[in-house]
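Notes follow once the structure below has been shown.
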Amino acid sequence: MNTLAKIDIGHSACPHDCPSTCALEVELPGENRVGRIHGARTNSYTAGVVCAKVARYADRLHHPDRLLKPLIRAGAKGEGGWKEASWEAALDVVAEKFIAAEEKYGSETVWPYFYAGTMGLVQRDGIERLRHAKRYSGFFGSICTNLAWTGWMMGTGKLAGPDPREMAKSDCVVIWGTNAVVTQVNVMTHAIRARKERGAKIVVVDIYENATMKQADIGLIVRPGTDAALACAVMHVLFREGMADRAYLEKYTDDPKGLEAHLQTRTPEWASAITGLSVAEIEAFARLVGTTKRTFFRLGYGFSRQRNGPVAMHAASCIAAVTGAWQYEGGGAFHSNSGILKLDMDLVEGRRLRDPKIRYLDHSRIGPVLVGRADALYGGPPVTAMLIQNTNPANVAPEQRLVRQGFLRDDLFTCVHEQFMTDTAKLADVVLPATMFLEHDDIYKGGGNQHITLGPKLVEPPEGPRTNHFVIEELAKRLGVAHLPGFGMTEREHIDVMLAKKGLGTFDTFREEKWSDQQPPFEEAHYLNGFGHADKKFHFKPNWTGQAAPNRPPRSMGIFGPYERLPEFPDHVDLIEVADEEHPFRLATSPARNFLNSTFTETPVSQAKEGRPQLLIRPDDASALGIEEGSRVEIGNMRGEVVLHAKFFEGLRRGVVIAEGIWPNSAHERGEGINVLTGSDAPAPYGGAPVHDNKVWVRPAR
Ligand SMILES: Nc1nc2c(c(=O)[nH]1)N[C@H]1C(S)=C(S)[C@@H](COP(=O)(O)OP(=O)(O)OC[C@H]3O[C@@H](n4cnc5c(=O)[nH]c(N)nc54)[C@H](O)[C@@H]3O)O[C@H]1N2
Ligand SMILES: Nc1nc2c(c(=O)[nH]1)N[C@H]1C(S)=C(S)[C@@H](COP(=O)(O)OP(=O)(O)OC[C@H]3O[C@@H](n4cnc5c(=O)[nH]c(N)nc54)[C@H](O)[C@@H]3O)O[C@H]1N2
Ligand code: SF4
Ligand SMILES: [Mo]
């Protein structure tokens, strides 16, 4: 190879569903090939670092198994027989089926279903335009952020917080319920800088000794679903030992006296029995954050994926209000910046076309929806036609047995637009091949940082795959809505509109700038002018059912779950799947480093690095059950059972097991994946997917 030849570099953004939304530098060796991908060095959040799986994106983009031709099912559903078709013919079939379904049951029988396989605002959200234009069933997108955002909004009233780059200026970084090394590596860049430059301590709160905890100075391993108890005891110690900032509390919070009185009985001893931590560990953690003003609480999604997750998130965010850490540079709590990164989505989503009478269906409850449960259908017709883009529900959605049973219905027509033959595509009637991010234009924003970043088309796609935008536009023509506002525009024209409304120029000028830093001023980000609620206070007393959160279900869906059990003040509530005699273990399905949800399960390096589906189990728990290292184990509950291989792991509480990663269903014996075990009941008060909150039995597999 001629190493002297200059390789072109293209600029882009990582499109994946990851809080980091890295700014990318892409090697372009020519002939529509992609080389190594690097983090943009001049982007102050990305700071030159990307995860290994995206660095080797070429393996995915140039993968021999990419879908290249539209396919129409030949044979029974899920059997794997396909006929190749032209784009024209395949799109005609989809349109005919949608029209026929609508004639039989009305427009709400069609359910466009999508998620964040790409986070690009044009390619991801354009499907909403078709939905609204056609009055198809609404989509309440609850699977990922809902439990976390609900809890966060209760305290601060706004989905924003201190600049995440300020972590580098902290004296203590608390990484709570996020496996940042694995899921958003850039958090570590800034946290480690604080340690190197300031001697900051890094604390990790998780349920197992994951890759992030291995890098921490202090690791706190709590039992799943008990974080609120830890937070309460920490605050108890802060009040008891004079480390609460009373002047701050008086000025900025709703009811500090009420909180202090409530916490009287939430002692470290009380929390020790619930969390499994020792009293000494809890007190030491409280004293560290109580005496370190610049403590930055980086609160992740993971610990909210429990049925009491919103309570846990709210409780953790309260600690920064008791210490007054919000006042200091490098201090406060941060979860997401989604509330500062607003772009006008009116046209691309066709929001003005929305009919408020149309029902919404819950993303996470696709299983109950597809098997026709009345409560999941909200009084409307059965779902008999679907268009699916950017998501793989037959693998990632809870209560898989219902999902699969639903997709196999003969009276359901499913079109899946995909890059690979995923578990969902396998169950479709029509499969359309999709482009990848470097092959189309889009614009991105990332909740974990503060940038809006452009991702222009850098290479031509192979012959065959088309963009999400193309599919939506072509279906609109065939379904008679292409004349409506928002249709008939190119990707670039949509991006021009979004940028112009924000005063950020045009696609072409923004291409030069690459990204825009949207970080609000210090006073605003640190809530020094008041919090996001009408009374400007931080709320220790959440209004669980009255919050105007961005993720709140539409009013027509009501409030979910046993919301009357949500506590008045931060507290431990047993709204989780408590282990019982029949199900003595608690299972979490934590992320795998080399996969991103079900994405990258197709690339050989990721597969090789992950090995096979495994169950992390303590050797003492295993030997009590007669389970040997590396042996086949069956885990199960009232929803089903799955076989994995045991991997002995000491860094866990007794009675807790972890299955890392969402492996393809076919990677498991019997062809059923880990989500067979997760529940599709909607947690209180605004729903979500409690994928780390499962009671299970464990036994040697027969
Ligand atoms: N490599 C990789 N990166 C990813 C993903 C991936 O699958 N793999 N997924 C992407 C997506 S879609 C998202 S939303 C983000 C999510 O990223 P995170 O915010 O990191 O959330 P999770 O990945 O759900 O889980 C993080 C950690 O929470 C822990 N956890 C589970 N239950 C509890 C609990 O009750 N208490 C505490 N303290 N901890 C608990 C898990 O063990 C895990 O270590 O990551 C994104 N990035
Ligand atoms: N057990 C368990 N289940 C979970 C989780 C967990 O931690 N444990 N995490 C949950 C979370 S946080 C989330 S966000 C969900 C995520 O679940 P999904 O939304 O299904 O995300 P992925 O599995 O990454 O699948 C995205 C799909 O989109 C496709 N895709 C990517 N870009 C494009 C594009 O431009 N066009 C088209 N047409 N397709 C594209 C990819 O090929 C991929 O198959 O899973 C949830 N499920
Ligand atoms: S860390 Fe997240 S945003 Fe950055 S390259 Fe990896 S997946 Fe993409
Ligand atoms: Mo997610």
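Reckoned from all heavy atoms, side chains included, excluding hydrogens, waters and symmetry mates. First listed ligand is number 1; within each ligand, the first listed atom is number 1. Since this is a predicted model, take the numbers as computed values, not measurements.
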* Kindly assign one of parallel, tilted or perpendicular to the pair His16 and Phe600, based on the angle between their ring planes and the thresholds 30° and 60°. => tilted
* Run the numbers on Tyr113 and His363 for ring-ring contact (aromatic ring centres under 6.0 Å, His included), then give the verdict. => CA-CA 8 Å; Tyr113 190 95; His363 175 193; 5.4 Å; yes
* Asked: Applying a 4.0 Å heavy-atom criterion (strictly less than), which segment of Thr422 is in contact with ligand 2: side chain, backbone, both, or neither?
  -> side chain
* To do: Pick whichever of Thr391, Leu587, Asn694 has a heavy atom sitting closest to atom 19 (O) of ligand 2.
  => Thr391
* Asked: Any donor-acceptor pair under 3.5 Å linking the side chain of Asp442 with the backbone of Gln123?
  -> yes
* **Protein heavy-atom partner closest to atom 6 (C) of ligand 2 - residue, atom, separation in Å** => Val691 CG2, 3.5 Å
* Intermediate values then yes/no, salt bridge (charged side-chain N to carboxylate O under 4.0 Å, His left out), Arg129 and Glu473 -> CA-CA 10 Å; Arg129 188 165 76 250; Glu473 289 290 319; 2.7 Å; yes
* For a salt bridge (Lys or Arg N to Asp or Glu O under 4.0 Å) with Glu439, tell me which candidate from Arg60, Arg66, Lys457 qualifies. => Arg66
* **Options Thr212, Asp206, Leu299, Thr226, ranked by nearest heavy atom to atom 43 (C) of ligand 1, top entry** => Asp206
* Structure fact -> With heavy atoms and a 4.0 Å threshold, my read on which part of His692 contacts ligand 2 is side chain
* Report the member of Asp17, Leu596, Thr599, Thr145 with the shortest heavy-atom distance to atom 46 (C) of ligand 1. => Asp17
* Shortest reach to atom 5 (C) of ligand 2 by a heavy atom, considering only Ile662, Val396, Asn675 -> Ile662
* Asked: Is there a heavy atom in Lys53 that sits closer than 4.0 Å to ligand 1?
  -> yes
* With heavy atoms under 4.0 Å as the rule, classify the contact between Thr178 and ligand 1 as side chain, backbone, both or neither. => both
* Asked: Between Lys53 and Asp59, is the closest basic N to carboxylate O distance under 4.0 Å?
  -> no
* Does His417 approach ligand 2 within less than 4.0 angstrom via side chain, backbone, both or neither, non-hydrogen atoms only? -> both
* **Contacting atoms of ligand 1, where contact means under 4.0 angstrom from a heavy atom of Asn179** => 20 (O), 26 (C), 27 (C), 44 (O)
* To do: If you have a sec, work out which protein heavy atom is nearest atom 29 (C) of ligand 2 and how many Å separate them, to one decimal?
  => Glu418 OE2, 3.3 Å
* To do: Determine whether the side chain, the backbone, both or neither of Thr589 has a heavy atom under 4.0 Å from any heavy atom of ligand 2.
  => both
* **Those residues that, when tested against Arg305, pass side-chain contact (heavy atoms from CB on, under 4.5 Å) (two or more places apart)** => Cys144, Tyr301, Val691, His692
* Tell me, do Val416 and Leu432 make a side-chain contact under 4.5 Å, heavy atoms counted? -> no
* **Carboxylate-amine/guanidinium proximity below 4.0 Å for Lys214 and Glu209** => no
* Asked: Would you call Glu610-Lys647 a salt bridge at under 4.0 Å N-O?
  -> no
* Minimum non-hydrogen distance to atom 39 (N) of ligand 2, winning option of Asn146, Thr118, Asn390 -> Asn390
* Out of Asn597, Leu652, Thr183, Asn594, whose heavy atom sits nearest atom 9 (N) of ligand 1? -> Asn597
* Side-chain ion pair, Arg654 and Asp621, N-O less than 4.0 Å -> yes
* How does Asn468 reach ligand 2, by side chain, by backbone, by both or by neither, if only non-hydrogen atoms under 4.0 Å count? -> side chain
* Structure fact -> Heavy-atom proximity to atom 14 (S) of ligand 1 ranks first, among Ala316, Cys144, Gly177, for Cys144
* Asked: Is it true that Arg66 lies under 4.0 Å from ligand 2, counting heavy atoms only?
  -> no
* To do: Please check if the distance between the ring centroids of Phe297 and Phe334 is under 6.0 Å.
  => no
* His16 and ligand 2 - part of the residue with a heavy-atom distance under 4.0 Å -> neither
* If you measure from each non-hydrogen atom of Ser598 to ligand 2, which part falls under 4.0 Å: side chain, backbone, both or neither? -> both
* Asked: Does ligand 2 have any atom sitting under 4.0 Å from a heavy atom of Thr467?
  -> no
* Asked: If you draw a 6.0 Å radius around CZ in Arg404, do more than 12 non-hydrogen atoms from other residues or ligands fall strictly inside?
  -> no
* To do: Compute the minimum heavy-atom distance from Arg305 to ligand 2 and say whether it is under 4.0 Å.
  => yes
* Glu439 and ligand 2 - part of the residue with a heavy-atom distance under 4.0 Å -> neither
